[in-house]
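To start, the structure itself, in structure tokens.
The figures here come from the full heavy-atom set of this structure, side chains too, leaving out hydrogens, waters and symmetry mates. Labels below follow one simple rule: chain letters A, B, ... track the order of the sequence lines, proteins then strands, and each chain is numbered from 1.
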Amino acid sequence: MKNIRMRIARIEKDMSQEQLAVVTEVTRQTIGMIEAGRFNPSLKLCIAICKALEKTLDELFWKEEER
Amino acid sequence: MSRKLDEREKMELLKMEKIGFWVLFLGLVVSILVQLFAMQAGFRQVAGETIILVLGGMTVVVGGIRNGQEYFGVKHRLRKSLFFGFISALIADILLGIILSFRNTGQDENVRGLVVTLAVSFLIIWLLAFITLFIMEAASHKKQKKLDRMYCEDNEAEHESEENGDTKLTEESGDTEGLRKIATTGNDFELNTVKELLDGQKIPYLIREREAGGYLRLYAGSSIYGTDILVPEELYEAAYEVLDSFPWNSKVLF
């Protein structure tokens, strides 16, 4: 499932995937794959992403029921 | 009775498999060297172990390439391929020299012939190692670019423009892909109402201030040019339904 919340949070923070990748110490492809829903990050990486985007785990990674 | 491994068990199994791989890999290398040195075995006699060693190594290398694992990077590919090719050739040549010296002990030694053989083999191994490393890195880079195209918005053109100092992003840069404009608000009241309605339904949204001729990246309060609200395409219908239920005084919905 695509992680649209993470993508929006990143855009709101005015960060590119490359910049977020540098901050969280992963590759740009990893960030792209998380946003595309092709890779499930570890809790450690989730926390790093949340810190970088100043969001909580709930805000970025808690999946709401399908509407 | 089979049972699914949980996350921790899988990770620990993976760790053990990694250690097991190195034990097998180094065991094979030691086994080949012992047979060649101590047991005076011929190269044909260690062919089986060598083939397994090469196949195991190739499996790891091909797996790395398929995942786009880059070790050197584009800028250093040539230099590092040459350097590590040189190191590989040096190690291989030293081992070859020791083996040939062992074999020639007690015989009429032809030092000059040995040196020539080692020099030629060194150059051949260096060339082969260099070509292999260079091709490996090029293939990995190609795979990385493919992953870029599939999953990354920040394509090379964008990186080039950033390197040139042009960091302004527009809708054409692709960062609004998958998002659809649902409303344009003209004042703080309308904007806050949209936000509250969408927040209430936990629909994610992106706010973009308009500027004459384009967009400002940052949201910094009300704008005389209006503010656009974008939502994920798949949630557009749900968002429209929510926003449409509010009695707007002016045209807000897009």
Side-chain angles (χ1 to χ4, degrees), chain A, chain B residues 7 11 67-70 73 140-141 143-156 158-159 161-163 167-169 171 173-180 198-199 201-209 215-220 229-239 241-242:
Chain A
M1 189 190 282
K2 280 186 179 180
N3 195 333
I4 199 84
R5 289 166 201 276
M6 177 175 150
R7 194 156 148 255
I8 288 178
R10 176 176 61 73
I11 297 169
E12 277 178 347
K13 196 92 176 112
D14 202 23
M15 286 176 100
S16 65
Q17 288 181 331
E18 174 83 36
Q19 288 166 328
L20 182 58
V22 170
V23 175
T24 53
E25 295 178 342
V26 295
T27 62
R28 190 170 73 248
Q29 289 80 13
T30 300
I31 297 295
M33 286 175 90
I34 294 170
E35 289 184 0
R38 289 296 305 271
F39 173 65
N40 285 326
S42 67
L43 183 58
K44 192 181 164 192
L45 181 52
C46 286
I47 292 171
I49 291 168
C50 286
K51 281 184 178 170
L53 299 178
E54 295 177 2
K55 295 279 181 188
T56 64
L57 282 168
D58 265 12
E59 285 171 322
L60 294 191
F61 296 103
W62 186 256
K63 301 290 180 196
E64 290 296 324
E65 291 297 316
E66 287 290 331
R67 284 164 210 279
Chain B
E7 205 173 303
M11 286 178 79
N67 286 317
Q69 304 276 358
E70 274 189 302
S140 287
H141 183 66
K143 178 68 184 182
Q144 286 257 333
K145 281 171 78 176
K146 191 180 172 190
L147 288 174
D148 266 355
R149 281 195 300 275
M150 286 169 74
Y151 302 113
C152 296
E153 299 161 347
D154 315 329
N155 56 34
E156 285 191 349
E158 191 177 317
H159 283 291
S161 69
E162 282 182 12
E163 279 166 18
T167 54
K168 186 180 176 186
L169 294 173
E171 288 205 283
S173 68
D175 65 349
T176 55
E177 192 190 324
L179 298 174
R180 188 170 166 190
L198 293 177
D199 282 339
Q201 293 300 310
K202 296 197 167 137
I203 295 173
Y205 54 86
L206 178 69
I207 295 172
R208 287 200 149 175
E209 253 187 65
Y215 283 92
L216 282 172
R217 283 281 296 164
L218 297 171
Y219 167 61
I229 291 96
L230 295 87
V231 295
E233 274 173 10
E234 59 269 29
L235 297 177
Y236 183 86
E237 295 296 328
E241 205 176 304
V242 175

Please assess B:Leu206 against A:Arg7 for the test side chain to side chain contact (heavy atoms under 4.5 Å, CB included), listing each intermediate value before the final yes or no.
CA-CA 10 Å; B:Leu206 178 69; A:Arg7 194 156 148 255; over 6 Å; no
Let's go through A:Ile8 and B:Leu179 carefully: what are the C-alpha distance in whole Å and the side-chain angles of both, what is the deciding distance for side chain to side chain contact (heavy atoms under 4.5 Å, CB included) to 0.1 Å, and is it a yes or a no?
CA-CA 9 Å; A:Ile8 288 178; B:Leu179 298 174; 4.1 Å; yes
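- Take A:Glu59 and apply the side-chain hydrogen bond (donor to acceptor under 3.5 Å, both in side chains) test, not counting sequence neighbours, and it matches A:Thr56.
- Rounding to the nearest 0.5 Å places CD1 of B:Ile207 at 6.5 Å from CD of A:Glu12.
- Every pair tested for side-chain hydrogen bond (donor to acceptor under 3.5 Å, both in side chains) that includes a residue from residues 39-50 of chain A fails, sequence neighbours excluded, so the list is empty.
- Both the backbone and the side chain of B:Gln144 come within contact range of chain A, each with at least one heavy atom under 4.5 Å from a heavy atom of that chain.
- Only the side chain of A:Ile4 comes within contact range of chain B, judged by heavy atoms closer than 4.5 Å.
- Sparse packing is recorded around CD of B:Glu241, with 12 or fewer heavy atoms of other residues, nucleotides or ligands lying under 6.0 Å away.
- Results of the side chain to side chain contact (heavy atoms under 4.5 Å, CB included) test with B:Tyr151 over A:Glu35, A:Gln29, A:Met33 single out A:Met33 as the only residue that passes.
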